[in-house]
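Data block below; observations after.
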Amino acid sequence: MVKKTRLGDDADIYKHQEKKSELEKLKNLKGKDKFIYILDYYKLHIIGAALIIAILYTILSTVFNPPPECELYVTPINLMVEPQLLDECINDITSYLNLNTKTQEVVIDDSMNIDLDNIDSFTMSHEQKFSTYLYAREFDIIITDNAFFEQHASLGYFADLSDTLPKDLLEVASKDLMYSLIDETNETIPCGIKLPTDNKFSNYLATNKETIFCIAANSPETDNNILFLRYIYGLENNSVSKD
């Protein structure tokens with residue numbers, strides 16, 4: 001006759017035996033089977049630990065090794081930098097601006113093609129990106145073609161260069177200034193510069209068509225915007241190093 005017990009099936013004594021049997025199973029496994037067993041049995045613990053480590057690593061990296069701060073954001077629209085020359089172009093501009101490459105960087109974003117005379121889903125998504133980045137004050141310099149300039153200049157997106165540029169640069173660019181009547185103010189201002197085809201930046205482009213230089217009206221990087229235009233014209237940079 002089987003002796004009855006008052007202990008339920010979930011009693012601690014049985015749980016201890018189950019735990020012990022798991023350890024015995026593990027001891028009896030070898031090589032690949034043991035690895036698979038551990039991975040399966042402790043997978044939730046492993047995943048949890050991995051997530052905690054990843055989060056801690058991200059936090060510590062951000063605190064002790066923050067990403068470089070963007071000092072100049074250049075966006076060629078309807079234009080593309082030759083892919084094999086992109087790094088060289090960025091390094092050339094970075095060197096000219098005397099930036100500290102550990103903490104400062106130049107960004108060139110040539111991902112947008114916008115032609116409002118031929119609207120499709122592709123154009124609309126890029127137009128939305130352009131507007132979003134512009135209002136977020138991401139852009140500093142816009143280099144584009146005549147069509148984009150004419151479609152957007154009247155909206156007040158581009159800075160009044162007569163207020164932004166120093167006198168010597170205004171004199172250099174005087175014959176190539178492009179004007180637009182701004183809808184909101186009903187004023188005509190110089191907000192673009194038709195660049196010479198042999199300028200330093202155009203040497204990196206995958207096209208030889210006419211380009212127009214504009215400064216985003218809300219750009220915070222006034223000094224670097226001016227220096228970048230000096231770079232384009234091949235003028236000397238006499239500024240102090242930005243360490």
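Quick caveat, the model's predicted, so the values are computed rather than measured.
Connection of L235 to V106 is established within a shared hydrophobic cluster, with ILVMFWY side chains joined at heavy-atom distances below 4.5 Å, either directly or through further cluster members. Note on L97 and L86: same hydrophobic cluster, where clusters join Ile, Leu, Val, Met, Phe, Trp and Tyr whose side-chain heavy atoms are under 4.5 Å apart, directly or indirectly. Cluster annotation: L181 and L177 are assigned to distinct hydrophobic clusters (Ile/Leu/Val/Met/Phe/Trp/Tyr, side-chain heavy-atom contacts under 4.5 Å, transitive). One hydrophobic cluster holds both Y73 and Y157 under the rule that ILVMFWY side chains link at heavy-atom gaps under 4.5 Å. Cluster annotation: I189 is not connected to L161 through the hydrophobic network of ILVMFWY side chains, with a link wherever side-chain heavy atoms come within less than 4.5 Å.
The shortest side-chain heavy-atom distance between T75 and M112 falls under the 4.5 Å cut-off. D140 places a side-chain heavy atom less than 4.5 Å from the side chain of P220. Contact check for T211 versus N199: side-chain heavy atoms found under the 4.5 Å cut-off.
Atoms CD1 and CD1, from I193 and I212 in turn, are 10.5 Å apart once rounded to the nearest 0.5 Å. To the nearest 0.5 angstrom, L72 atom CG is 6.0 Å from N224 atom CG. Expressed to the nearest 0.5 Å, how far CG of N98 lies from CG of L227 amounts to 8.5 Å. Between the CD1 atom of I90 and the CD1 atom of I108 there is a distance of 4.5 Å, given to the nearest 0.5 Å. With rounding to the nearest 0.5 Å, the separation of CG in D109 from CD1 in I77 is 8.5 Å. Considering CD of E187 and OH of Y179, their distance stands at 13.5 Å, rounded to 0.5 Å.
No donor-acceptor pair closer than 3.5 Å links the side chain of S154 to the backbone N or O of D183. Side-chain atoms of E127 never come within 3.5 Å of backbone atoms of T123 as a donor-acceptor pair (strictly under, hydrogens ignored).
Residues N225 and T164 have side chains that never bring a donor and an acceptor to within less than 3.5 angstrom of each other. Counting only N and O atoms by type, the side chains of N91 and T94 include no donor and acceptor under 3.5 Å apart.
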Practice task
Please assess F130 against H126 for the test ring-ring contact (aromatic ring centres under 6.0 Å, His included), listing each intermediate value before the final yes or no.
Solution key: CA-CA 6 Å; F130 173 76; H126 284 184; over 10 Å; no
Practice task
Kindly determine whether D176 and L195 satisfy side-chain contact (heavy atoms from CB on, under 4.5 Å), including the steps that lead there.
Solution key: CA-CA 7 Å; D176 298 314; L195 296 175; over 6 Å; no
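For the pair F149 and G192, the tightest heavy-atom approach, listed with the atom from each and the gap, is CE1-CA, 3.8 Å. Of all heavy-atom pairs between K200 and G234, the closest is CD-CA, 4.2 Å. When every heavy atom of G156 is checked against every heavy atom of A217, the shortest pair comes out as O-CB, 3.6 Å. Of all heavy-atom pairs between S180 and C191, the closest is CB-SG, 3.8 Å. Minimum interatomic distance between S111 and K129 (heavy atoms only, all atoms of both residues): OG-NZ, 2.7 Å.
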Extract all donor-acceptor atom pairs below 3.5 Å that involve side chains of residues 78-85 and protein atoms in other chains or at least two apart in sequence.
residue	atom	partner	partner atom	Å
N78	OD1	I114	N	2.6
N78	ND2	I114	O	2.9
N78	ND2	D145	OD1	3.3
N78	ND2	D145	OD2	3.3

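Residue N208 places its CG atom among 12 or fewer non-hydrogen atoms of other residues, nucleotides or ligands, all under 6.0 Å distant. With a 6.0 Å radius and a threshold of 12 heavy atoms from other residues, nucleotides or ligands, Y233 has its OH atom above the threshold.
Pairs passing the salt bridge (Lys or Arg N to Asp or Glu O under 4.0 Å) check and including a residue from residues 149-174, sequence neighbours excluded, read D168-R230. Applying the ring-ring contact (aromatic ring centres under 6.0 Å, His included) rule to pairs touching residues 185-231 yields Y96-Y231, F201-F228, F228-Y231, sequence neighbours excluded.
Aromatic ring pairs are classed by plane angle as parallel below 30°, tilted from 30° to 60° and perpendicular above 60°; the pair F158 and F148 is tilted.
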